[in-house]
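Here is the naming used below: chain letters follow the sequence lines, and residue numbers restart at 1 for every chain. Atoms considered below: every heavy atom in the structure, side chains included; atoms not considered: hydrogens, waters and symmetry mates. Because the structure is predicted, anything quoted here is derived from the model rather than measured.
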There are 2 protein chains.
Amino acid sequence: MARILAAADGLFGAADTAGPITMDDIATAAGIGKGTLFRAFDSRDGLLDALSDAKFAPVREALEGGRPPLGSEAPARERVVAFLDAVLTFKLDNRHLIRAREVSSTGALRTERYRWMQDALRALIADAMPGATAGDAGYAAHVLLAAIHIDLVEELLAGGRTPERIRRSQAALARAVLADVPG
Amino acid sequence: MARILAAADGLFGAADTAGPITMDDIATAAGIGKGTLFRAFDSRDGLLDALSDAKFAPVREALEGGRPPLGSEAPARERVVAFLDAVLTFKLDNRHLIRAREVSSTGALRTERYRWMQDALRALIADAMPGATAGDAGYAAHVLLAAIHIDLVEELLAGGRTPERIRRSQAALARAVLADVPG
DNA sequence: AGAATTTCGGACTGTGAGTCCAGAAAACCG
DNA sequence: CGGTTTTCTGGACTCACAGTCCGAAATTCT
């Protein structure tokens, strides 16, 4: 099963010129049949989720493990910025995979991972801004995540912006939104 | 051809419980064959674009026609807010259609309409914030549009927020971002 | 070894976008 | 008007891809 994920990872990693990656492609690359593939992961979404969850794990752990700048010792406001930067970097590093998943059937915002990110971010924001209501913090979390939606990231890249510049803009945006929320 | 659009509009308008709307559905509803449908609009995307452009026309005209609050006589900052509110309202009123289009193949940000909106908004923001660089204004435009992405709007609705509340939150966000851009 | 059970993989099905072409309708000509 | 050419129509067909099924192969049990 790790072999399947590795094969899929290889395909998505090298996905530049290639068209969309099908389940048959992955089965072939992993040297197994389609039936086996679908038994291991119930659906295409299931496979993509498993793969990207594996690659996302470091971010989760950094937040939960508690080492600064993501960990709980850093100032709350900077934790928000650091978290968003970590997620954005993850997306920049895995965009073919992320895009494949977000294009897919069930809306990306109903994903387990989106819920987790939104909730984590909401909590961080609430922490940073004691004056904000729960609804405000939740909304701010949604909006800041929307600002790093894969479609937008790819559009910015296509427009010639460097990843570093995107990260800087995004950090500035986060600080601006945070500055306002408590009002 | 107007008849086809009307039929499609009816389907999307009543699309609540129904599953996805296929091209065959639309052909049947319009009382024509599939070939004719594809000759009139080259592709599914073409049809959806034509339909939603028709419904979006009032917004375009309000901006270009120049009546306040969208028109050029209002203060620039409020024009930004009014424009975003108009687009958001349009999306709220046509979400099944918009969703069908954004789920579709080619990324929604490469759409003619997205380009138009982003450009119009960039210009309005540049107008409102003489201190901002072109890049900053463009980025702010992207971000404010991302905040009214259909997926997010539907998620907020599903979370129990009323359309009015979403519009208020969004207006507040726009003002917050505008307050910051010139820095 | 031989029976029972689990797992494998590729042939098969279902669905929906997009194509094709035989015939209907229309336009043109004498 | 009758015939001929051109244009238009619509439904049968193709194609790609996710997901299912079942006979064969492997594994475990006795």
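Look at CD1 on B:Ile21: it is 11 Å from P on C:dA17, rounded to the nearest Å. Atom pair B:Leu37:CG and C:dG18:P shows a separation of 10 Å (rounding to whole Å applied). Per the geometry, CE belonging to B:Met23 stands 13 Å off C1' belonging to C:dT19, to the nearest Å. Between B:Leu47 atom CG and C:dG18 atom C1' there is a gap of 13 Å when expressed in whole angstrom units. Atom pair A:Arg101:CZ and D:dA18:P shows a separation of 13 Å (rounding to whole Å applied). Atoms CE (A:Met1) and P (C:dT7) sit 14 Å apart, rounded to a whole Å. Atom CZ in A:Phe38 sits roughly 17 Å away from atom P in C:dT13 (whole-Å rounding). For the pair B:Asp45 CG and C:dA17 P, the interatomic distance rounds to 10 Å; values are reported in whole Å.
Electrostatic pairing of B:Arg99 and B:Asp151 counts as a salt bridge here, judged by a charged N lying under 4.0 Å from a carboxylate O.
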**OP:** Sugar-phosphate means primed atoms, P, OP1 and OP2; the rest is base. With that split, encode nucleotides 8-15 of chain D 5' to 3' as B, S or - using protein heavy atoms under 4.0 Å.
**Re:** -BBB----
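In this structure, B:His142 has its ring center under 6.0 Å from that of B:Tyr114.
In this structure, of D:dG19, C:dG16, C:dT19, it is D:dG19 that holds the atom nearest to the side chain of A:Arg44.
Within a 6.0 Å sphere centred on CG of A:Asp53, heavy atoms belonging to other residues, nucleotides or ligands number more than 12.
B:Arg44 and B:Thr22 are not linked by any side-chain donor-acceptor pair at a separation below 3.5 angstrom, with hydrogens and angles left out of the test. Checked by atom type, the side-chain pair B:Thr28/B:Asp25 shows no donor-acceptor distance below 3.5 Å.
Between A:Trp116 and A:Phe56, the angle of the ring planes goes over 60°, which puts this pair in the perpendicular group of the 30/60° scheme.
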